[in-house]
Amino acid sequence: MPLASTRSEFLEVFKELTPVLLVGGVLQLLTGLLLKSIFLLATTPGILVMLPALMNLRGALEAEFAARLGTAYHIGAFGKGSQLLKHFASNDLKASIAMTAILSVYAGVVSFAAATAMGVGASLYMFVLIAFVSSMAGTIIVSSLSVAMVKLSIRRRLDPDNVTIPVMTAFSDAVLALVVFIIVMIFWRVLA
Amino acid sequence: MSWRSIVIQSLPLFLVTLALSVFAGAFIERSLASISKYPILILVLPAFIGGCGNISNVFAARLTSAFYFEGAQFVKERKAILAKAAPILLSAGVFFFVLALIALGAESVLGFSLPPLAPFVGSVLVSGLATITLGIIVSILVAWRSFKRRLDPDNFEAPILSTFSDLVGVMVFLNVSRVLLGG
């Protein structure tokens, strides 16, 4: 590989990647702030066992949903803007909701089993409820935002693939942490 | 593709990666003593894990493109692979250093007690670079094995590296923090 091309590639990658990483990092610090609040409230024993799995689930499903919307746009499945909503209500959203329902209950049960094995006094009902409600709320909120983001990208003549996935995966963590925080706060007030 | 087909095709990999993510959560729960002493660790954790996943995935995407252009023998061209890894590692170094400083600034503004500066910044930087280096090695192995088996590496790199970042990133970060900060 010629030295000049190596050097220009080095600078190009460094200059393009670093700012994007920092913006994403700041967004995810907000997620961290919410997690820290949940941790400091400490009303639901063992909830930290479940959070990485819920975030992984939310981020992966959102990336998949956004990628499908992007692909549908590229193959011309959308046509005019009104058809976008039709597309949104069809297979991709149904699949996303079905996966969220199945996998959030699975995440709740597996996390409960792990927490119980570790000797944490967790409640299966609480784990499954928090996993299901926060994931479903996250799916509805973040998927709607994804559709809006795709529409905006198309209007601004940007490729939705370059915009939707990185932005929405960063948002999905924050939305999930916010919903979990709200649920924990509600339980905390009910139990207090 | 119908929504049922999408669910059936995607479900198995999700079942495995979610179970592995629970291990990461279990490790966080086990490290509550360190986190209780320094709650800033939980503030940084999502950005740390997210950063590790994003950086590793960017390297993987660039590596996969190179494999497509040059074939599986690309894995033997050490200088070319190092040239791809070098800017990624430099960006990672800047990212983890600035992330640690921003987190300290946020904690300071919010009025929380701060950990010792150098050990905290050192633990974020060292564990970040260690996780990314391991991620780069995993990425090369996944790409090479996929090509050897005539599979598309793009289908495997992202889920494997994201789960790897969750699991290994959490373990490395919390262990390095415990050693450097004490706890």
Side-chain angles (χ1 to χ4, degrees), chain A residues 1 6 9-14 17-18 20-22 24-29 31-33 35-36 39-40 46 48-57 59-61 63-64 68 90-96 98-99 102-103 106-107 110-111 113-115 117-118 120 166 169-170 173-174 177, chain B residues 1-7 10-11 14-15 17-26 28-30 32 35-36 39-40 42-51 53-55 58 62 77 79-80 83-84 86-88 90-92 94-95 98-99 102-103 106 110 158-159 162-163 166-167 170:
Chain A
M1 191 180 286
T6 307
E9 186 186 341
F10 181 96
L11 288 174
E12 187 190 311
V13 173
F14 178 69
L17 181 59
T18 312
V20 176
L21 288 174
L22 288 173
V26 170
L27 261 176
Q28 280 168 321
L29 276 178
T31 308
L33 206 59
L35 288 189
K36 200 178 138 195
F39 166 71
L40 292 175
L48 289 177
V49 176
M50 187 165 62
L51 281 173
L54 292 185
M55 286 184 168
N56 187 338
L57 172 65
L61 283 179
E64 209 173 300
R68 284 209 200 92
S90 68
N91 283 332
D92 294 347
L93 187 60
K94 278 184 198 163
S96 198
M99 298 265 283
I102 298 166
L103 291 169
Y106 170 76
V110 174
S111 303
M118 292 173 73
V120 179
T169 46
D173 275 357
Chain B
M1 193 185 280
S2 74
W3 68 270
R4 283 189 187 84
S5 309
I6 295 171
V7 172
S10 305
L11 211 54
F14 272 105
L15 291 173
T17 56
L18 274 187
L20 288 173
S21 292
V22 171
F23 279 105
I28 297 174
E29 186 75 29
R30 256 189 59 191
L32 280 182
I35 295 172
S36 300
I40 194 171
I42 202 112
L43 174 78
V44 173
L45 205 54
F48 180 86
I49 298 171
N54 287 337
I55 296 166
V58 169
R62 295 173 54 74
E77 294 180 26
K79 276 188 182 172
K84 295 232 170 284
I88 300 286
L90 183 63
S91 285
V94 172
F95 169 72
V98 176
L99 177 70
I102 294 174
L110 294 169
S162 300
T163 308
D166 275 3
L167 193 57
V170 164

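By convention in this document, chain letters (A, B, ...) are assigned in the order of the sequence lines, proteins followed by strands, and residues within each chain are numbered from 1. Because the structure is predicted, anything quoted here is derived from the model rather than measured.
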Side chain / backbone / both / neither for A:Tyr106 at chain B, heavy atoms under 4.5 Å:
side chain
Heavy-atom pairs under 4.5 Å with chain B: which of A:Leu27, A:Leu33, A:Leu54 has the most?
A:Leu33
Start with the C-alpha distance between A:Ile102 and B:Phe14, add both sets of side-chain angles, then the distance that settles side chain to side chain contact (heavy atoms under 4.5 Å, CB included), and finish with yes or no.
CA-CA 11 Å; A:Ile102 298 166; B:Phe14 272 105; over 6 Å; no
Go through the atoms of B:Ala106 and report whether side chain, backbone, both or neither lie under 4.5 Å from a heavy atom of chain A.
neither
Taking every non-hydrogen atom, the tightest pair across B:Leu99 and A:Gly25:
CD1-O, 4.3 Å
Between the CD1 atom in B:Ile88 and the OG1 atom in A:Thr18, the distance rounded to the nearest 0.5 Å is 9.0 Å
Mind running side chain to side chain contact (heavy atoms under 4.5 Å, CB included) on B:Thr17 and B:Ser162 for me, showing each step along the way?
CA-CA 9 Å; B:Thr17 56; B:Ser162 300; over 6 Å; no
Need one label for B:Ile28: side chain, backbone, both or neither, based on atoms under 4.5 Å from any heavy atom in chain A.
side chain
Counting only non-hydrogen atoms closer than 4.5 Å, does B:Leu20 touch chain A with its backbone (N, CA, C, O), its side chain (CB onward), both, or neither?
neither
Proximity breakdown for B:Val7 and chain A, heavy-atom pairs closer than 4.5 Å:
both
Heavy atoms only, distances under 4.5 angstrom: which of B:Val44, B:Ile40, B:Ile42, B:Leu15 has the most pairs with chain A? Name it, please.
B:Leu15
Using a cut-off of under 4.5 Å on heavy-atom pairs, state which of A:Leu103, A:Leu35, A:Thr31 scores highest against chain B.
A:Leu103
When rounded to the nearest 0.5 angstrom, what distance separates NZ in A:Lys36 from CG in A:Leu29?
11.0 Å
Answer key: most heavy-atom pairs under 4.5 Å with chain A among B:Ile35, B:Leu110, B:Val94 is B:Ile35
Count the heavy-atom pairs under 4.5 Å between each of A:Leu51, A:Leu57, A:Asn56 and chain B, then report the option with the highest count.
A:Asn56
Take atom CZ in B:Arg30; do more than 12 heavy atoms of anything else shown fall under 6.0 Å from it?
no
Cut-off 4.5 Å, heavy atoms of chain B, and the answer for A:Leu22 is both
Just how far is it from atom CE of A:Met50 to atom CG of B:Leu18, taken to the nearest 0.5 Å?
12.0 Å
Output for pair (A:Leu11 CG, A:Phe14 CZ), nearest 0.5 Å, gives 8.5 Å
Which atoms of B:Arg4 approach chain A - backbone, side chain, both or neither, heavy atom under 4.5 Å
neither
